[in-house]
Each structure stands twice: as C-alpha cells, then as structure tokens.
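Report on the following structure.
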Amino acid sequence: MADFWNFYAWPTIIIVLQIVAIVVPLLVAVAYLTLAERKVIGAIQLRKGPNVVGWFGLLQPFADGLKLFLKETVVPSGANRGVFIIAPMATFVLSLVAWAVIPFDAGMVLADINVGVLYLFAISSLGVYGIVMAGWASNSRYAFLGALRSAAQMVSYEVSIGFVIITVLLCVGSLNLSEIVLAQQGMWFFIPLLPMFVVFFISGLAETNRSPFDLPEGESEIVAGYMVEYSSMVFALFFLGEYANMILMSAMTCVLFLGGWLPPFDIAPFNWIPGPIWFALKIAAVLFLFLWVRATMPRYRYDQLMRLGWKVFLPLSLIWVVLTAGVLVATGWIPVTSR
Amino acid sequence: MIVEALAFYMFAAVAVASGVLVVSVRNPVHSVLFLILAFFNAAGLFVLVGAEFLAMILVVVYVGAVAVLFLFVVMMLDIDFAALRSGFIRYLPIGAMVGLVLLSELALIVGAWITAPEAASAFGAPSPDAAKIANTHALGLVLYTKYAYLFQAAGMILLVAMVGAIVLTLRDREGVRRQNIGEQLARGKHNSVEVRKVRTGSGI
C-alpha cells in the first residue's frame, strides 16, 4: 500500500497539480489576450475598444465567454457528426499539450524531455488537423475552401520553421529547451541570427493563421472559412485554441531567440526579478507584435503567400543553415555536448 | 513497471484496432484519420522503447506532413462508394497474398523467439551505449560517418523522385500571365503616367 502511494498516487497527484498550475494561468492569459487585442487595435485606430463591462472592460472576456456558453450548438444536418465535434476539441487539446515542455524558469518545466524542440515542432505541425477536419466535416463550400487554404499554407511555412529551428540547434548542440535557453546566457540568439528571427516570426504568423496570413478565415471572400458552421462552445474551443496557439508561438520565439526566462542583463536590478516574470514579459512583447501586425497590414493574396513561403523564406533559411554551420565549423565555436 | 505495461498494451491495442479500421471503414476520410491515429500510437510505442527521436520524427514527417497531404487528396476526391466496393472481390486474392506473407513473417519471428530465445543476443549491442548518450546524438554519430554514402544515396533517390513528380505534372500552358514582382516594383511615374494637352472638342 505504501508502494502504491509512493510510486503511483503521489506522483500522479503532483503532476495533475502542475498541469493545473500551467493550464489555468494559460486560459486566463487567453481570455485577456482577446481583450488586449481589441484594446490595442482600438488604440491604433484611435478608438477606445471595449470599456463598458467592468473597469476598462476588464470583465469583457468573461461576458463574451458566458454569451457563447449560453448559445445553442448547431450541428448542420449534412455534417459528418463525429468529425465535426472532434475537430474543435483536437484544436484546443493540441494548443494545450505543447505547454508540457516549455521551461518557465531553470528546472521549472513539466516534462524536461531531451527532444523538447522536436516535440514542439511536431505538436505545432498537427494544428492543421483541427482545421482540415472542421472544413471537411462541415460539408460546406466556404468551410472546405478555408480548410484547403489552411492545409497548404501551414505545410508550406512549417518547412522554413524547421530550417530556422535547425540553425538555432546548430548554435546550441542540444534539442532540450532548457539548454537552448541556457546557451543564450552570453547573447540572445536574435542578435547573431536576426534574419532567422524575422523569418520565424513571420512564419509563426502564417502557422497560427493570423493576419496578414488569415486566408483560411478570410471574412471578405469565404465568410469565416472553416469556422463558418460552428456556433456556441464548439466555436469557442476554436477561438481559445487559436489564441492559445498564438501564445505558444510567442513562447517558442522567446525560448529560441529571446533568451526564455533570462534577464536582458545579468546585473543587480534586472536579476532580482524572477525568471517566469521575464518570460511572461517577453511573451507579452511578442504578442503585442502579433496584434500590431494585425492592425497594420492588409491581407496577403494567396499566390503571394505561397511565393513568400517557398521562393523567399525557404531559400533564405537554407542559405542560413549552411552559413551558420560553416561559420561555426570554421571558427571552432561549434558546441560539443553529450545530450 | 505496471504503468509501462499498461501504456504498452494501450498503445498496441489502439494501434492494431485503428489499423483494422483503416481498411474496414466505409468512408476514405475516416480511413485516413484512423491511419493518423495508428501513426500516433506507433510513436507512443517508440517512446516506450526509448527511441524518442524516432517517435518525434514519425509524428513530424508522417503525421505532420505526409498524412496531411493524404487527407488533402482524399478529401478532394469525388468518391463513388459503390464503385469502390465493386473491385473488392477482384483485388481480394492480391490482398490476401500480401496479408499471408506478412502473417508468415510474423509467425517466423514469434517462432524463433519461442524455439531459440538466445537468438536475440546474436544482434550486436548498440555501438554507443544507449544509457550514456541520447539517441539523437547516437544516430547522428553513425548516420553521418559509417552510413554517410547510404544517407547521400537516400537523399539522391528522394531528389530524383521529386524531379520526376515535377516533370510528370509540368505542362506548358498558353496565355498564362505571370506576376513579376521586380518589374512591378521598378514601375514608376515616368513609365506609367503621361500628361497630354487635350484641345477642347477634339479628344486624343
């Protein structure tokens, strides 16, 4: 009985508590990201944004959530029922499970696996399934067009994200996310790898279907794309998943290029602030860029989107992989680790 | 140990069950979705034997890229289910033969395992000790040294396949207007606007 408690029950309880400690702040962050988006875009367009529900509109996300919760879930009669329901669940679950490997501070990570960055890459490449399944199961032309656009778009930009990750890995010599952060103690990677940082950020916009690459939703041509038949909580799951993916992509940017939990300068006033707060601040800064881009840029045309992915980013990132490897070998800076 | 055994049986059972469903469900899109589930569970089995790199590559390559394209194509096909069923009897002998070959191979493996349990030790131990080195690193150490030529050959075969696919689908089409971004950006006031004096009542 003691064995049962020591080896199975307590670890399970502790892991569940850790998961709750990650997911609850994440969902609160998602809720307030929706508010922040409306406030930021409002400020950029010289409007006030939501300011009625609660002080400064602080209760607006909960009002929206309650509204969606009270609506009716409509399943179209021509829809493929099972797949139609599974699609939003898949999107939402995939946007949460990736957080298992994100390091919030030295040693503060749920699963410190040694292929962490590959796990992140794998999970983010699965995000397309929720959208494709939704588009097919809705049995609607608009939804299907959105799904097809999304499938081609996400597969295209994954390729350059893969090469960007390889350049970072060349500089680190490990696939473990904590070690990637620790390798940036001298200098954050966005300085020596600036072009790759830009490529990664733009590919991140495409990977999360954000403006200016939000063609799968494209309100002006295909209504709301893959989400057109969804209502109520199943729609809310898509929405939460999309925003959680944005936060995840920002967290990936921070871990790979902006030094994760590390303070900008390792001197007195900066290193008093604990790591998780630095991490959150950096994520917030990258998220602000996401919102800024949405308020500023017009939507890409589809062929231009494909051109950017395959003819600009792919050759550029390939050249940088070769260049980085060459420089590292020529100067002898190539890291040698056992992991 | 119990947890590992439970995880193994769960992954194995779901993998086999979804494998069966891939060939037995009516709707091809559902088939592809079950295929993806089978890939996932195979990745889980890889993790259980300590091959986490292979597990992640399986998910990235097969689930993240290959299966997406499968799904893409299968979704767009306008499939007549009756026509799909009609070929069943015709292709049954071939399918049964492939199944029989695989079954006999499995039987041989299990037979060898029962009759000669020491056979497993005849394999060489993994050359860098698996406990000391992460398997990503270990794979890299042999793949780019001992098997460098084979690795290059595999890359060459993939390149040839890619070129072949492009050659097969490429056709010259008349009257296609291509966008030349450089030309568009180089266009200025001097070659796009012309100011003329127009006399009243005459036009240009």
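Given the structure is predicted, the values throughout are model-derived calculations rather than measurements. Naming convention: chains lettered A, B, ... in sequence-line order (proteins, then strands); numbering from 1 in each chain. Keep in mind that the numbers below use all heavy atoms, side chains included, and drop hydrogens, waters and symmetry copies.
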Contact origin within B/L33 toward chain A - heavy atom pairs under 4.5 Å =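 It is the side chain, since no backbone atom gets that close.
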Heavy-atom distance under 4.5 Å to chain A: side chain of B/A43, backbone, both or neither?
->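 Nothing of B/A43, per the 4.5 Å heavy-atom cut-off to chain A.
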Residue A/V128 versus chain B: region with a heavy atom under 4.5 Å =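 Contact with chain B involves the side chain of A/V128 alone.
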Does any heavy atom of chain B fall under 4.5 Å from the side chain of A/M133, the backbone, both, or neither of them?
->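 Looking at A/M133, just its side chain touches chain B.
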For residues A/Y157 and A/F213, establish whether the separation of their ring centroids is below 6.0 Å.
->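 For A/Y157 and A/F213, the ring centres are under 6.0 Å apart.
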Between B/I181, B/V59, B/I57, which has the largest tally of heavy atom pairs under 4.5 Å with chain A?
->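 Result: the option with the highest number of such pairs is B/I181.
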So, the side chain of A/S125 versus the backbone of B/G64: is there a donor-acceptor pair under 3.5 Å, distance only?
->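 Not at all, since once roles are kept as given, no pair shorter than 3.5 Å links the two residues.
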Do the side chains of A/L148 and B/M75 get nearer than 4.5 Å, heavy atoms only?
->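 With C-beta onward as the side chain, the pair touches.
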Using the side chain to side chain donor-acceptor pair (under 3.5 Å) rule, take A/D112 and A/N176 through it: C-alpha gap first, then chi angles, then the decisive distance, then the call.
-> CA-CA 7 Å; A/D112 197 16; A/N176 182 292; 3.1 Å; yes
Assess whether atom OH of A/Y142 is packed by more than 12 heavy atoms of other residues, nucleotides or ligands within 6.0 Å.
->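 It does not: A/Y142 OH has 12 such atoms or fewer within range.
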